[in-house]
2 protein chains.
Amino acid sequence: MDKLYTITELTREFGISTRTLRFYEDEGLVNPERRGRTRLFRPSDRRIIQNILRGRRIGFSIAEIREIILAYKDPPGESGQLTLMMKRVSEKRDELKQKRKDIEDTITELDLIEEQCLTRLAEIGVGT
Amino acid sequence: MDKLYTITELTREFGISTRTLRFYEDEGLVNPERRGRTRLFRPSDRRIIQNILRGRRIGFSIAEIREIILAYKDPPGESGQLTLMMKRVSEKRDELKQKRKDIEDTITELDLIEEQCLTRLAEIGVGT
DNA sequence: CCGCGCATTGACTTTTACGTCAAGGTCAAT
DNA sequence: ATTGACCTTGACGTAAAAGTCAATGCGCGG
């Protein structure tokens with residue numbers, strides 16, 4: 001049935017503000033239909049928003065997110081452009097792998113902090 | 001031999017600016033010695049800087065990074081504080097796990113884009 | 001002694017990603 | 001017809017994390 005979403009429906013679903021969605025439109029990330037001046041978001045817009053939010057969570061800038069979205073929508077037709085894009089994709093992937101390692105190391109560190117807390121708690125618990 | 005590092009040595013090693021290191025000092029994240037007014041960073045400072053940069057890469061704010069550094073240095077002595085901290089640690093860990101999943105999904109997506117590029121390239125290559 | 005490179009502080013500026021008004025249009029229900 | 005919910009555009013404000021600029025100091029090779 002291809003439901004259309006109003007702006008506030010989506011802000012509620014994703015916990016973001018209307019300002020944020022309008023901003024994403026200004027940035028050319030989403031292109032909702034209009035009934036009069038009112039925005040109506042398609043399922044495809046909704047999916048893009050999910051992508052944006054994911055990108056945001058992992059620290060991509062709007063420009064980077066836009067680049068990925070565009071790359072996905074219409075990969076360039078020219079050979080040189082394609083090769084260039086594959087280089088950029090490869091770089092991004094390396095960056096993400098580094099980030100994943102950073103996260104894993106930090107999780108380990110958090111585990112350590114937690115352990116220290118437990119130890120201290122036990123000491124205190126025994127002492128009193 | 002406990003080498004001491006000048007500010008520019010470290011900026012070169014880590015690819016950051018002197019302004020950044022001074023900013024981190026203002027924020028209380030590092031405490032270099034002083035010979036006169038000149039900063040001399042100890043190996044411990046250097047390690048903290050590595051931690052800061054790692055935190056930065058995974059999107060932690062300076063405030064969050066400071067919190068983790070402090071938690072690691074001196075875990076609080078009081079029972080309530082300890083329990084509180086463990087809750088915060090647990091939250092951060094969940095956040096990081098979500099982030100790791102986001103990263104893995106995005107890597108998968110990048111793989112897909114790359115594949116599309118390769119397909120297009122093959123098509124072009126054959127056609128010409 | 002002069003200039004060079006490296007160091008300092010302090011103040012002002014910038015960028016990103018929105019938040020926050022202001023001022024008003026539309027429509028359904030009361 | 002007024003209230004209230006929801007929508008709009010446009011302009012201005014803000015916080016974080018530095019960048020940039022100005023003015024200055026210190027030690028050293030030539």
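The shown structure was predicted, so the numbers you read here are calculated from the model rather than taken from an experiment. Chain A is the first sequence line, chain B the second, and so forth, proteins listed ahead of strands; every chain is numbered from 1.
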Open item on the list: How many whole angstroms separate atom CZ of B:Phe60 from atom C1' of D:dA16?
Closed with: 16 Å
- [ ] Using atom CG of A:Leu21 as one end and atom C1' of C:dC18 as the other, report the distance to the nearest whole Å.
- [x] 12 Å
Task: Length of the CG-C1' vector between B:Leu10 and C:dC6, whole Å - done: 14 Å
Task: Atom-pair distance (CZ on B:Arg35; P on C:dC6), nearest Å - done: 16 Å
- [ ] May I ask you to verify if any side-chain N or O of B:Tyr24 is less than 4.0 angstrom from the OP1 or OP2 atom of D:dA18?
- [x] yes
Set out, line by line, the N/O atom pairs under 3.5 Å between protein and nucleotides 7-9 of chain C.
residue	atom	partner	partner atom	Å
C:dA7	OP1	B:Thr6	OG1	3.3
C:dA7	OP1	B:Thr8	OG1	2.4
C:dA7	OP2	B:Thr8	OG1	2.5
C:dT8	OP1	B:Arg39	N	2.9
C:dT8	OP1	B:Arg39	NH1	2.8
C:dT8	O5'	B:Arg39	NH1	3.1
C:dT9	OP1	B:Arg34	NH1	3.1
C:dT9	OP1	B:Arg34	NH2	3.4
C:dT9	OP1	B:Arg39	NH2	3.3
C:dT9	OP2	B:Arg39	NH1	2.8
C:dT9	OP2	B:Arg39	NH2	2.4

TODO: Check whether any side-chain nitrogen or oxygen of A:Ser17 sits under 4.0 Å from OP1 or OP2 of C:dC18, and answer yes or no.
DONE: no
- [ ] Using atom CG of A:Asp26 as one end and atom P of C:dT16 as the other, report the distance to the nearest whole Å.
- [x] 15 Å
Open item on the list: Please report the distance, rounded to the nearest Å, between CD1 in A:Ile62 and C1' in C:dT15.
Closed with: 13 Å
Open item on the list: Is the phosphate of D:dA18 approached by B:Arg56 (side-chain N or O, under 4.0 Å from OP1 or OP2)?
Closed with: yes
Task: Atom-pair distance (CZ on B:Phe23; C1' on C:dG10), nearest Å - done: 15 Å
Open item on the list: Regarding A:Arg66, tell me which of base, sugar-phosphate or nothing describes its non-hydrogen contacts under 4.0 Å with the strands shown.
Closed with: nothing
Task: Gap between atoms CZ and C1', on B:Arg57 and D:dA17 respectively (whole Å) - done: 17 Å
Task: A:Arg12 and A:Thr8: side chain donor to acceptor below 3.5 Å - done: no
Open item on the list: Which heavy atom of B:Met85 sits nearest to which heavy atom of B:Ala71, and what is that distance?
Closed with: CE-CB, 3.7 Å
Open item on the list: Classify B:Ile16 by what it touches in the nucleic acid, base, sugar-phosphate, or nothing, heavy-atom distance under 4.0 Å.
Closed with: nothing
Task: Whether B:Arg66 side chain and B:Glu27 backbone form a donor-acceptor pair below 3.5 Å - done: yes
Open item on the list: Could you tell me if B:Arg34 and B:Thr38 have a donor-acceptor pair between their side chains, going purely by distance under 3.5 Å?
Closed with: no
- [ ] Ignoring hydrogens and angles, state whether a donor on the side chain of B:Ser17 or B:Thr20 is under 3.5 Å from an acceptor on the partner side chain.
- [x] yes
Task: A:Asp102 and A:Gln98 side chains, donor-acceptor separation under 3.5 Å - done: yes
Task: Under 3.5 Å: donor-acceptor pair, side chain of A:Lys99, backbone of A:Ile58 - done: yes
Open item on the list: Of the options C:dA17, D:dA17, C:dG19, whose atoms approach the side-chain atoms of A:Arg19 most closely?
Closed with: C:dG19
